[in-house]
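Values below: all heavy atoms of this structure, side chains included; hydrogens, waters and symmetry mates excluded. In this text, all values refer to a predicted model and were calculated from it rather than measured experimentally. Each chain gets a letter, A, B and so on, in the order its sequence line appears, and its residues count up from 1.
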Protein chains: 2
Amino acid sequence: MRPKLNDVAAKAGVSVTTVSRVINNYGYLSQGTKDKVFRAMKELNYQPNSLARSLHGKKTHLIGVIFPSIVNPFFAELVEQIENRLFNSGYKIILCNSADNREKERDYLRMLIANQVDGIIAGAHNLGIDEYNRVGLPIVSFDRLFSDKIPIVSSDNFRGAALATKELYQAGARHIYFLGDPHQTGNPTDLRLQGYQKTIAKLQLTTHVHTINFTESPTLKSLSIKKLLAKRYADGIVCTDDLTAILVLRAAQELKISVPQELKVIGFDGTSFVQEYNPELSTIVQPIHDIASLLVSILVQRIDQPDKPLEQMRYVLPVKLLRNRSTFPFEE
Amino acid sequence: MRPKLNDVAAKAGVSVTTVSRVINNYGYLSQGTKDKVFRAMKELNYQPNSLARSLHGKKTHLIGVIFPSIVNPFFAELVEQIENRLFNSGYKIILCNSADNREKERDYLRMLIANQVDGIIAGAHNLGIDEYNRVGLPIVSFDRLFSDKIPIVSSDNFRGAALATKELYQAGARHIYFLGDPHQTGNPTDLRLQGYQKTIAKLQLTTHVHTINFTESPTLKSLSIKKLLAKRYADGIVCTDDLTAILVLRAAQELKISVPQELKVIGFDGTSFVQEYNPELSTIVQPIHDIASLLVSILVQRIDQPDKPLEQMRYVLPVKLLRNRSTFPFEE
DNA sequence: TCACACATGTCAATCGTTTATCACATATTT
DNA sequence: AAATATGTGATAAACGATTGACATGTGTGA
């Protein structure tokens, strides 16, 4: 049987109250008793039961983290950063992969509430806004619009896409395509599309949007990409994420289209992972570390001071252009 | 304030006992009251407080999942599969990235115990065996030796490396290198190294082990790999993981060494991710789905029937060779 | 020596749910 | 008519820790 407060008290030869005082550090305590209690705790390998503490009104130090999947390196790196920072603040995460599945997401939300998590970081949603509003818990969102009660952290998607488009233009491309899934409403892709469109207009070029379903398998995506490239019309492609960009590079290689001479490609996300294993890809880098820091610090603040109003409800973080060989032949 | 059992009872016009009976489905109950109670629960959007239930001795339905990192696609896919299967069995996971950090791992272990998780799936460890043995919880390990009390699930690492070596030989390689970190004791890499060595001996060739530190950055790994390739001696490389293999392919490309003509490369892991984005890589495929299923089913069994002894303590799952262009010029 | 900070103890209520024990119905069998 | 099955309620004791109220010391400075 696991030792309880009682056992520690007995072992240390003090009362439970004293032990509790030591653990929670309040009231008057002599160094002597503190030592005795700590020693007893160590000897018994005692761990206070979180459930009992939380039931009494203390925090659970659990945070629900909802993302569609962790296989995508962008989410993997973001979740890992979030986990790290939350750990340093004394929180543990319950990982919820919504898998773009309404039911699963709903179930998770229910479970999180039942488990009395202290807060939620959400980077996915298929549910109605209502269901999130009714949660009654501190929530912070990454890049998704939930409601005006829930703060959003995101990258500067508009500017990112604009930067990407300009980069292709500067590299000499004139038939610049946008490759992504523009039908995901409430998603950042919208803003990226707008950034692309506005920039194309400013450059007095024509927009070309090639739709690609995000939930499709890479194989099917590749097929669609090859069909596009086979026309040999596009000479620049703005991709809404790095993985799609990698598929474009591979398709170009297969079709013997030289990059960047005949075709310039740029991605979006800029994870360390992709940069390490596909260093030729130019991309728009999202500041993953800053995103994670901000998400965590906002959430922790909401938890610790629920009444203190937030200064902002939208935090837009700057992105960076990372130029590599997929847009310019030589590295700078 | 969140509704409690009490509120539901009042709303439904029955006693708390009855509501509890409905929720936990025991004793005699008429359909009528059940309906009344369910309706009240729905109307109040009632969720039983997990903490209180668990405190009373019920399960927490929380599982600690400890891996070094989720950025590696192999771990990402494995964790995602584990999460999926546990979710289907009604469990949530607390994700613990140990980051190869003793202290962090120890802290997590403490937290997991304090949170009364029902069990642990561990795919990493830097701590002593003792600390895991003292946990007193159902634990299942992936590919790491903890103790003889803790069941291990792993792929057939020995045979995988043997298969890989033979594949390179069949493809014509005679100077076959082993690229990995053979100094990670208690790790699967040991068995992979042995599989390589035994096979090389059988083929009457000479072993060549090129050590590469796993915790190094890909950039540093690449440097080390280029040094090896520049000698133009190796004509076949068995990599202990796919990511390293990708670095080898890239290095070869830079050095204008043709693959597979001059150099044959094979990886290990066979994640969907790598296969989708690096389809030219031959590899040894670990059965991620089976591993996840087995880990979860063993753990759930240990949780539900702690006294029932396990039939086995070591489960070795078969691996498969996936032949691609990095070993043979044409796909089969 | 009196007041007060310091140090510890006793006791009991509390968090929200579970569950056992009785009690008391009504219904259905024998 | 007696025995048993079915359905519900009231009550209270757990689960393990927290915390407030109150009591009772010691030491110390004024």
query: For DNA chain C, what residues of residues 43-56 of chain A have any heavy atom nearer than 4.0 Å?
result: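 Of all residues in residues 43-56 of chain A, the ones placing a heavy atom under 4.0 Å from DNA chain C are L55(A), H56(A).
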Could you tell me how far apart [X] ([atom1]) and [N] ([atom2]) are, to the nearest whole angstrom?
X	N	atom1	atom2	result
N6(A)	dA14(D)	CG	P	13 Å
K4(A)	dA17(D)	NZ	C1'	11 Å
L5(B)	dC15(D)	CG	P	19 Å
N115(A)	dT17(C)	CG	P	13 Å

- prompt: Is a salt bridge present between R85(B) and E80(B), judged by a nitrogen-to-oxygen distance below 4.0 Å?
  reply: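 Salt bridge between R85(B) and E80(B), a charged N being under 4.0 Å from a carboxylate O: no.
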message: Regarding R102(B) and D107(B), does a basic nitrogen lie under 4.0 Å from an acidic carboxylate oxygen?
response: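 D107(B) and R102(B): not salt-bridged.
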- request: Could you walk me through whether K59(A) and D304(A) pass the salt bridge (charged side-chain N to carboxylate O under 4.0 Å, His left out) test, one step at a time?
  value: CA-CA 10 Å; K59(A) 294 194 285 183; D304(A) 291 339; 3.2 Å; yes
message: For the aromatic rings, using the six-membered ring if either is Trp, is the centroid distance between Y108(A) and F87(B) under 6.0 Å?
response: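 Yes; F87(B) has its ring centre under 6.0 Å from that of Y108(A).
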- prompt: Please walk me through it: do E103(B) and R106(B) pass salt bridge (charged side-chain N to carboxylate O under 4.0 Å, His left out)?
  reply: CA-CA 5 Å; E103(B) 278 317 303; R106(B) 198 193 312 274; 3.5 Å; yes
- prompt: For K58(A) and dT19(D), is the shortest distance between a side-chain N/O and OP1 or OP2 below 4.0 Å?
  reply: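 Yes, K58(A) has a side-chain N/O under 4.0 Å of OP1/OP2 on dT19(D).
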message: Applying a 4.0 Å non-hydrogen cut-off, can you work out what G32(A) is touching in the nucleic acid: base, sugar-phosphate, or nothing?
response: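 Contact class for G32(A): none.
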task: Could you check whether the rings of F67(B) and F142(B) sit parallel, tilted or perpendicular, using 30° and 60° as the cut-offs?
output: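 Answer is tilted, since the angle falls between 30° and 60°.
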message: I'd like to know whether R110(A) forms a salt bridge (charged side-chain N to carboxylate O under 4.0 Å, His left out) with E131(A), so could you lay out the CA-CA distance, the side-chain angles of the two residues, the decisive distance to 0.1 Å, and finally the verdict.
response: CA-CA 10 Å; R110(A) 256 202 289 271; E131(A) 309 190 61; over 6 Å; no
task: Return the residues of residues 15-31 of chain B meeting this criterion: a heavy atom under 4.0 Å from some atom of DNA chain D. Order them by number, or give none.
output: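 Only S15(B), T17(B), T18(B), R21(B), Y28(B), L29(B), S30(B) qualify.
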- prompt: Picking from K149(B), E105(B), R144(B), what satisfies side-chain hydrogen bond (donor to acceptor under 3.5 Å, both in side chains) with Y132(B)?
  reply: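 The option that passes is E105(B).
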